[in-house]
Amino acid sequence: MKTQDIMARLQAKYPLEKEYLQAVQEVLESIEEVYNQHPEFEKAKIVERMVEPDRIFTFRVTWVDDRGEVQTNLGYRIQFNSAIGPYKGGLRFHKAVTPSMLKFLGFEQTFKNALTTLPMGGAKGGSDFDPVGKSNDEIMRFCQAFMLELWNCIGPDQDIPAGDVGVGGREIGYLYGMYKKLARQYNTGVLTGKGGTWGGSILRPEATGFGALYFTQHLLHKAGKSIEGKKVALSGFGNVAWGAATKARELGAKVVAISGPDGVCEIPGGITPEMIDYMLVMRASNRNKVQDMADKFPGEAIFTAGKKAWSIPCDIALPCAFQNELSEDDAKELKANGCWCCCEVSNMGCQPEAIHFFQHNGILFAPGKAVNAGGVATSGLEMTQNAEHISWSGKEVDEKLHFIMKSIHEQCVKFGTQPDGTVDYVKGANIAGFMKVAQAMLEQGTV
Ligand code: GLU
């Protein structure tokens, strides 16, 4: 297998799918050497099969807004790979959603889910519906209309959607309500991220952020460092940033920046529990403005329009918002301001040039598919609880999440340790995830 040849073919076939091509290129570059040591993979055309989704559902979603006007959006579910388990992955509601974005996310999800140690295949879905400025009723009507199309493509042993950008507990509730009505079954395990009184797992809302910080702790420990007293800059203020800020604070770090599409809030004294709680209010308002934090906590949070979190001096950068949110220039600015570690919490949050810069300038870096896997891993734990008709305590879930993040870190170290003893976490995560899926595909024959 030659990465260049496969990429040339995919580029010719999908010339406009930039994010998808970027994600595939990163994985293929990492695995090429190992892959070529396995002629059986080449013979079974594992890579050629793995880069294409099993199937893609595209559907029209029509709903009525608060003014009585008819609105039409597009909905998608991409079932990417089911070699090691049923399709699993979130739904993204964002105005920029395209098939390319969901294909990249579904592809990444396949490897991420393999890293969790749990039996889950990869999928992603969503819509170009823009939640910004929508009322609660509009969100509900949209979710119901979306599920009207999706419900018979999913199932607890078939495909299990969850949240992602623009989809949290509220949306999962509305989606589940409509699913139940259509399926006429109480299939609790068909969605994860549910409410605590109807099958949701304790700690699922916190899990992506908590897991990211557990992973960061392991990475720092391996490098002979600790998180205590360190300054952390993170982007976004949604569910992932909220969980990350909570755990970072708990572990003794100081969160000095959060950000939004409108700019950055610098918090020189470190984020407080009141501010962390207020992030939830900001998310529920659908305003999508981080300036609201500065308005609520004048003097403590200082807003600058048009700036990113990466302009604030920090030790550790945690991108928690969107793909490609951290560019090479941002990476350079971070380094110039003293940053020495970046753990990607968003999916593909750093541009390839930024990763290259980090890796060649002694900045510790780990990719999203390892760092943020605690979210989907806890979804996997939710599925287990649902299948057994039980619920575990917060302590039990947290211990399992801890164990999973430790094991993901160990897999990265196993496959990513370089001759000089340092760990290439990108390589490690990609090879570990790939080997598991490839082996399963091989054993299941040409399907
Ligand atoms: N959207 C999250 C992710 O990117 C969670 C998916 C899930 O829980 O299924 O992994």
Side-chain angles (χ1 to χ4, degrees), residues 19 23 76-82 84-94 97 101-127 150 154-169 171-172 175-176 188-195 199-212 215 236 238-244 319-323 325 344-349 367-386 397 400-401 404-405 408 429 433:
E19 298 106 334
Y76 309 92
R77 185 69 180 166
I78 302 195
Q79 297 182 336
F80 220 103
N81 189 297
S82 64
I84 63 165
Y87 301 107
K88 179 81 194 93
L91 296 171
R92 178 173 288 194
F93 292 170
H94 189 279
V97 161
M101 194 192 290
L102 299 179
K103 269 174 74 178
F104 117 65
L105 289 162
F107 181 73
E108 291 276 294
Q109 196 82 41
T110 302
F111 301 101
K112 179 196 318 194
N113 293 2
L115 287 171
T116 63
T117 72
L118 303 175
M120 299 185 288
K124 205 83 187 191
S127 173
L150 185 69
I154 60 176
D157 294 312
Q158 185 184 354
D159 182 353
I160 305 96
D164 195 79
V165 176
V167 178
E171 290 76 12
I172 293 293
L175 289 163
Y176 187 73
T188 321
V190 73
L191 291 167
T192 57
K194 298 180 291 293
S201 175
I202 295 186
L203 276 190
R204 175 62 190 91
E206 293 85 349
T208 310
F210 279 23
F215 187 94
N239 168 262
V240 174
W242 166 77
C320 294
F322 216 58
Q323 72 267 6
E325 56 174 306
E344 198 181 57
V345 194
S346 43
N347 291 308
M348 210 166 77
K369 60 170 79 68
V371 179
N372 75 27
V376 71
T378 307
S379 278
L381 301 177
E382 184 169 321
M383 286 161 65
T384 306
Q385 295 169 74
N386 294 159
V397 177
K400 289 183 167 63
L401 174 61
I404 289 169
M405 298 316 295
I408 296 173

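When a ligand or atom number is given, it counts from 1 through the structure's own listing order. Position 1 is the first residue of the sequence, and the numbers go up from there.
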Can you name the salt bridge (charged side-chain N to carboxylate O under 4.0 Å, His left out) partners of Lys103, sequence neighbours left out? Glu17

Taking only Lys NZ, Arg NE, NH1 and NH2, and the carboxylate oxygens of Asp or Glu, determine whether Arg77 and Asp159 approach each other closer than 4.0 Å. yes

Please report the shortest heavy-atom distance between Leu102 and Gly126, naming the atom on each side. CD1-N, 3.9 Å

Set of side-chain contact (heavy atoms from CB on, under 4.5 Å) partners for Val165, sequence neighbours left out: Arg92, His94, Phe322

Tell me, which residues have any heavy atom less than 4.0 Å from some atom of ligand 1? Lys88, Gly89, Gly90, Gln109, Lys112, Lys124, Ala162, Gly163, Asp164, Arg204, Asn347, Val376, Ser379

Can a salt bridge be assigned to the pair Arg204 and Glu382 using a cut-off of 4.0 Å between side-chain N and carboxylate O? no

Contacts of Glu344 meeting salt bridge (charged side-chain N to carboxylate O under 4.0 Å, His left out) (sequence neighbours excluded), chain-then-number -> none

